[in-house]
Student: 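I am attaching a structure below and will ask some questions about it afterwards.
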Amino acid sequence: MKEEALVLQESGSCRTHLLYYDSKLVGYCSLFADYVNIVKSKRESAGWESTRSPMPEQHYPSIRLHYIGVDSRYREMNLGHILMLMVFDMCIEVSRIVGINFIVVEAMESSVDFFKKYSFEPVKRYNELLIMALKKEDIDV
């Protein structure tokens with residue numbers, strides 16, 4: 001994952017942000033510009049029916065949280081929460097410049113509950129991953 005993050009960073013496709021504690025690298029998150037396809041029935045069931053997009057076919061501008069992780073030796077220190085706050089701050093700042101509707105993540109089954117704590121809603125399944133979205137206006141920092 002480290003090598004892929006570096007390749008994506010160098011190509012300009014993705015940005016990885018690092019979290020340090022006591023001068024030690026303890027966590028990271030990677031973000032890139034994206035869009036998410038959300039069908040009308042899901043928008044209605046999630047209360048997102050007023051969301052508008054400049055893109056056709058139910059595509060909505062978003063920021064993808066591509067990677068997020070905390071070193072296993074530091075997992076009991078609430079650092080995942082700190083990383084999510086960093087992600088939300090960055091997404092809000094970007095939305096002031098370019099406009100987005102959602103933050104999106106492709107969650108492994110083991111991390112779905114983590115994202116649900118932040119009000120991410122399941123959108124659809126993609127192989128073993130669950131696409132989840134959080135409407136920008138629903139960010140609670």
Side-chain angles (χ1 to χ4, degrees), residues 1-43 45-141:
M1 206 168 5
K2 177 181 173 184
E3 290 78 21
E4 182 182 353
L6 184 58
V7 168
L8 292 172
Q9 176 92 8
E10 289 174 348
S11 73
S13 299
C14 191
R15 291 290 179 248
T16 297
H17 306 271
L18 307 176
L19 179 64
Y20 287 88
Y21 178 79
D22 276 345
S23 301
K24 295 180 183 99
L25 177 61
V26 297
Y28 63 94
C29 61
S30 299
L31 303 167
F32 66 86
D34 199 7
Y35 72 88
V36 61
N37 182 310
I38 304 177
V39 297
K40 183 178 180 181
S41 60
K42 178 59 189 178
R43 289 194 319 272
S45 70
W48 299 334
E49 60 273 351
S50 65
T51 303
R52 298 291 177 259
S53 173
M55 301 169 69
E57 300 180 25
Q58 307 173 103
H59 291 119
Y60 294 86
S62 66
I63 295 176
R64 170 80 57 89
L65 174 54
H66 190 53
Y67 294 129
I68 186 168
V70 173
D71 185 312
S72 60
R73 295 170 291 184
Y74 297 89
R75 290 229 170 108
E76 300 303 317
M77 296 178 63
N78 213 26
L79 298 176
H81 178 68
I82 291 170
L83 279 169
M84 287 305 297
L85 294 177
M86 287 173 49
V87 166
F88 293 154
D89 283 345
M90 288 184 277
C91 290
I92 289 168
E93 186 61 31
V94 167
S95 76
R96 290 183 180 123
I97 300 166
V98 298
I100 62 163
N101 297 112
F102 294 94
I103 301 170
V104 178
V105 63
E106 291 181 342
M108 297 183 297
E109 198 59 43
S110 61
S111 61
V112 167
D113 287 340
F114 174 79
F115 292 110
K116 282 185 176 180
K117 287 191 304 188
Y118 295 95
S119 300
F120 280 81
E121 291 276 338
V123 173
K124 67 179 179 179
R125 188 154 294 280
Y126 177 73
N127 297 326
E128 73 280 354
L129 300 172
L130 182 62
I131 310 298
M132 302 180 79
L134 173 64
K135 191 173 177 190
K136 182 197 60 146
E137 287 79 13
D138 295 337
I139 294 173
D140 186 21
V141 287

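These numbers come from the heavy atoms of this one structure, side chains and all, not from hydrogens, waters or symmetry mates. In this text the structure is predicted, and so the values were computed from the model without any measurement.
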Student: Is any side-chain N of the basic residue among E121 and K42 closer than 4.0 Å to the acidic one's carboxylate O?
Tutor: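 Looking at E121 and K42, the cut-off is met.
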Student: Check the surroundings of atom OH in Y35: do more than 12 heavy atoms from other residues, nucleotides or ligands lie under 6.0 Å from it?
Tutor: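 Atom OH in Y35 is not crowded, with 12 or fewer foreign heavy atoms closer than 6.0 Å.
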Student: Please report the closest heavy-atom contact between V39 and Q58, naming both atoms and the distance.
Tutor: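 Minimum heavy-atom separation between V39 and Q58: CA-OE1, 3.2 Å.
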Student: Give a yes or no on whether the backbone of R73 and the side-chain of D71 come within a donor-acceptor separation of less than 3.5 Å.
Tutor: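 Flag set: sc D71 to bb R73 pair under 3.5 Å.
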Student: Mind listing the side-chain donor-acceptor pairs of residues 100-108 below 3.5 Å, one per line with the distance, residues two or more places apart or on another chain?
Tutor:
from	atom 1	to	atom 2	distance (Å)
N101	ND2	R52	O	3.3
E106	OE2	R64	NH1	3.3

Student: Return the OG1 to CD distance between T51 and E137, rounded to the nearest 0.5 Å.
Tutor: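 Nearest 0.5 Å value for the OG1-CD distance: 7.0 Å.
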Student: Under 3.5 Å, is there a donor-acceptor pair between the side chain of R75 and the main chain of V70?
Tutor: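 Side chain of R75 to backbone of V70, a donor-acceptor pair under 3.5 Å: yes, one is there.
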Student: Taking the side chain as every heavy atom from C-beta outward, state whether M132 and V123 have any atom pair closer than 4.5 Å.
Tutor: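 Heavy-atom side-chain distance check fails, nothing below 4.5 Å.
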Student: Would you sort out whether T16 and C29 count as a side chain to side chain contact (heavy atoms under 4.5 Å, CB included), showing the intermediate values?
Tutor: CA-CA 6 Å; T16 297; C29 61; over 6 Å; no
Student: Side chains of K135 and S50: closer than 4.5 Å at any heavy-atom pair?
Tutor: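 Yes - at least one pair of side-chain heavy atoms lies under 4.5 Å apart.
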Student: Does the side chain to side chain contact (heavy atoms under 4.5 Å, CB included) test come out yes or no for L8 and R15, once each step is laid out?
Tutor: CA-CA 7 Å; L8 292 172; R15 291 290 179 248; over 6 Å; no
Student: How far apart are the closest heavy atoms of G27 and L25, and which atoms are they?
Tutor: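 Of all heavy-atom pairs spanning G27 and L25, the closest is O-CD1, 3.4 Å.
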Student: Can you find a pair of side-chain heavy atoms, one from H81 and one from K117, that are under 4.5 Å apart?
Tutor: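 Not in contact.
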Student: Can you name the closest pair of heavy atoms from G99 and P61 and give their distance?
Tutor: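 Looks like O-CB, 4.0 Å.
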Student: When the ring planes of F120 and F88 are compared, do they come out parallel, tilted or perpendicular, using 30° and 60° as the limits?
Tutor: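 Judged by the thresholds at 30° and 60°, the geometry between F120 and F88 is parallel.
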Student: Taking all non-hydrogen atoms of both residues into account, name the closest pair between G69 and L83 and its distance.
Tutor: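 In terms of heavy atoms, the two residues are closest at O-CD1, 3.4 Å.
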Student: Just jot down the ring-ring contact (aromatic ring centres under 6.0 Å, His included) partners of F114, sequence neighbours excluded, or say none.
Tutor: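 Here the qualifying residues are Y118.
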Student: Tell me, with the steps shown, if L65 and M84 meet side chain to side chain contact (heavy atoms under 4.5 Å, CB included).
Tutor: CA-CA 10 Å; L65 174 54; M84 287 305 297; 4.0 Å; yes
Student: So, do Y60 and S53 sit near enough that their side-chain heavy atoms are less than 4.5 Å apart?
Tutor: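 Result yes, sub-4.5 Å side-chain heavy-atom pair found.
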Student: Taking all non-hydrogen atoms of both residues into account, name the closest pair between A133 and I38 and its distance.
Tutor: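 That closest heavy-atom pairing would be CB-CD1, 4.4 Å.
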Student: For the atom pair CG (N78) and CG (L85), what is the distance rounded to the nearest 0.5 Å?
Tutor: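 That separation rounds to 8.5 Å.
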Student: Quick one: pull up NE2 in H17 and CG in L31 and give me the separation to the nearest 0.5 Å.
Tutor: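 Answer rounded to 0.5 Å: 5.0 Å.
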Student: Distance from I63 atom CD1 to E93 atom CD, nearest 0.5 Å?
Tutor: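 Between atom CD1 of I63 and atom CD of E93 there are 10.5 Å.
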Student: Quick check for you: to the nearest 0.5 Å, what is the distance between I97 atom CD1 and I92 atom CD1?
Tutor: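 Between atom CD1 of I97 and atom CD1 of I92 there are 13.0 Å.
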Student: State the SG-NE2 distance between C14 and H66, to the nearest 0.5 angstrom.
Tutor: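 Taking SG in C14 and NE2 in H66, the distance rounds to 5.5 Å.
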Student: So which heavy atom on L18 is nearest to which on M86, and how close?
Tutor: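 That closest heavy-atom pairing would be O-CE, 4.3 Å.
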Student: With a 4.5 Å cut-off on side-chain heavy atoms, are Y21 and M77 touching?
Tutor: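 In short, these two side chains touch, coming nearer than 4.5 Å.
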Student: Is there a side-chain contact between L134 and F115 (heavy atoms, below 4.5 Å)?
Tutor: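 No. Closest side-chain heavy atoms not under 4.5 Å.
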